[in-house]
Structure formats: structure tokens, C-alpha cells
Amino acid sequence: MEDVPLAERVLSCVELIPRGRVMSYGDVAEFVGSRAVRNVGRVLASDGGTVPWHRVLRRDGSCAEHLREEQLARLAAEGVPIRDGRVDMRAARWDGRAGPRMPFPSRTGSVAGL
DNA sequence: GGACTGACTCGGT
DNA sequence: AACCGAGCCAGTC
């Protein structure tokens, strides 16, 4: 994770996202130790075909136009909660550092998935 | 070496 | 809630 190109770190991170969970572009960037949040999208645009790119979306749960349909379809198939065309980030957002089953640090005080 | 780009994010209106 | 403008930085030309 040091001399490896950012692009590879990004791809590795995306591969780690468990089924049924999502991360925002910003989360991925932070996870790989970069603030190049825009590059995450660029990396996926060129090499995303090899990783579960559909588990990466915007912070507000919406996603890029050209991906919206397929992304939502795939996520829905994995059981990701979707409300009115956007992913329910509160419930599906995954913090790689904390682990797949961690409840959410309560911005809302409630637990994920409820 | 410099300028441009983008699957983003955030704060202010 | 939606729109706008500015900041961000690795890759590409």
C-alpha cells in the first residue's frame, strides 16, 4: 500500500466491500490514504470492470447518471436498501476499518438496517 | 514542465 | 430539497 499506485489501492479497497454493503467515493479515497476522491471514480472508470464497482457511490446515496440503472439493480439484488432511487446510506454504508457488521456511529442514534 | 480532466464533496443560497 | 461555485489531486496529453 505504499509504492503501489493509487489506482491499485483503490481497486483493492473496492474488492473488500462485502456483498450488500456500499462505500462512498470519499470513503474509499480516505481508506486508501488519499484525498483524491475524484480519482476514485476515474480509476473505476478505467479498471472498474474487475471489481464490484457498483458498491461505490456518492455520499448522498445517489450515483452517476450513466450507472444509475445498473448500479441500483445490482445493489437491490444484493439486498441493499434503496429508497426512491437512492441507496439508504445510513443502513448500507460500510466502514472498512470497523468491519462489515458494525452498527453505525449514530449520526441518527439508531442502528443500521432499521 | 504545465494545463486539463473527472463515476466527487461541501458549504452557502 | 435543489442549484451553484470552489476545492481537491492523480492521471493523461
Side-chain angles (χ1 to χ4, degrees):
Chain A
M1 295 282 219
E2 299 81 35
D3 45 344
V4 178
L6 178 65
E8 287 205 20
R9 282 183 277 161
V10 168
L11 293 176
S12 298
C13 174
V14 175
E15 281 180 354
L16 295 176
I17 304 175
R19 185 171 176 284
R21 283 305 183 59
V22 302
M23 269 180 102
S24 74
Y25 295 95
D27 289 340
V28 174
E30 182 178 38
F31 188 81
V32 303
S34 168
R35 283 196 261 164
V37 71
R38 305 201 59 158
N39 279 50
V40 174
R42 190 204 278 277
V43 169
L44 293 180
S46 57
D47 297 305
T50 61
V51 297
W53 54 267
H54 55 276
R55 295 182 190 142
V56 183
L57 60 172
R58 290 188 183 163
R59 227 159 227 246
D60 65 355
S62 64
C63 44
E65 268 313 296
H66 48 288
L67 301 170
R68 193 161 51 33
E69 276 187 63
E70 177 161 2
Q71 193 151 37
L72 292 178
R74 288 182 181 231
L75 292 174
E78 297 186 349
V80 173
I82 296 174
R83 284 188 44 136
D84 193 37
R86 326 214 193 313
V87 172
D88 183 346
M89 290 300 276
R90 202 207 342 143
R93 192 175 181 195
W94 180 63
D95 182 340
R97 296 158 300 185
R101 297 196 289 158
M102 176 185 171
F104 300 90
S106 75
R107 220 166 281 215
T108 61
S110 53
V111 181
L114 298 179

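When reading the values below, keep in mind they use all heavy atoms of this one structure, side chains included, and skip hydrogens, waters and symmetry mates. To find a chain, count down the sequence lines: A is the first, B the second, and so on, and within it residues start at 1.
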From CG of A/L57 over to P of B/dG6, roughly how many Å is that when rounded to an integer? 21 Å
May I ask you to test the A/L6-A/V43 pair for a side-chain heavy-atom distance under 4.5 Å? no
Can you tell me which stems involve DNA chain B, if a stem is defined as three or more consecutive Watson-Crick or G-U wobble pairs, both distances under 3.5 Å? B:2-6 with C:9-13, B:8-13 with C:2-7
Would you please test A/V80 and A/R74 for side-chain contact (heavy atoms from CB on, under 4.5 Å) and show each step? CA-CA 9 Å; A/V80 173; A/R74 288 182 181 231; over 6 Å; no
First locate atom CG of A/L75, then atom NE2 of A/H54, and finally report the distance between them rounded to the nearest 0.5 Å. 5.5 Å
Enter the distance from A/E15:CD to A/T50:OG1 here, rounded to the nearest 0.5 Å. 6.5 Å
For the side chain of A/R55 and the backbone of A/I17, is there at least one donor-acceptor N/O pair under 3.5 Å apart? yes
Taking CG from A/L44 and C1' from B/dC8, how many angstroms apart are they, rounded to a whole number? 12 Å
Please state how far atom CZ in A/R93 lies from atom C1' in B/dT9, giving the value in whole angstrom units. 12 Å
What is the distance, to the nearest angstrom, from the CZ atom on A/R68 to the P atom on B/dA7? 16 Å
If I take atom CG from residue A/L67 and atom CZ from residue A/R58, how far apart are they, to the nearest 0.5 angstrom? 9.5 Å
Do A/M89 and A/L57 have side chains that get closer than 4.5 Å, going by heavy atoms? yes
At under 4.0 Å between heavy atoms, how does the protein contact nucleotides 7-13 of chain C? Give one character per nucleotide, 5' to 3', with B, S or -. BBBBB--
Using whole Å, report how far CG of A/D27 lies from P of B/dT9. 8 Å
Note, A/V40 side chain near A/F31 side chain (heavy atom, < 4.5 Å): no
Listed nucleotide nearest any side-chain atom of A/R58, set B/dA7, B/dC10, B/dC8: B/dC8
Tell me: CD1 of A/I17 to P of B/dA7, nearest whole Å? 18 Å
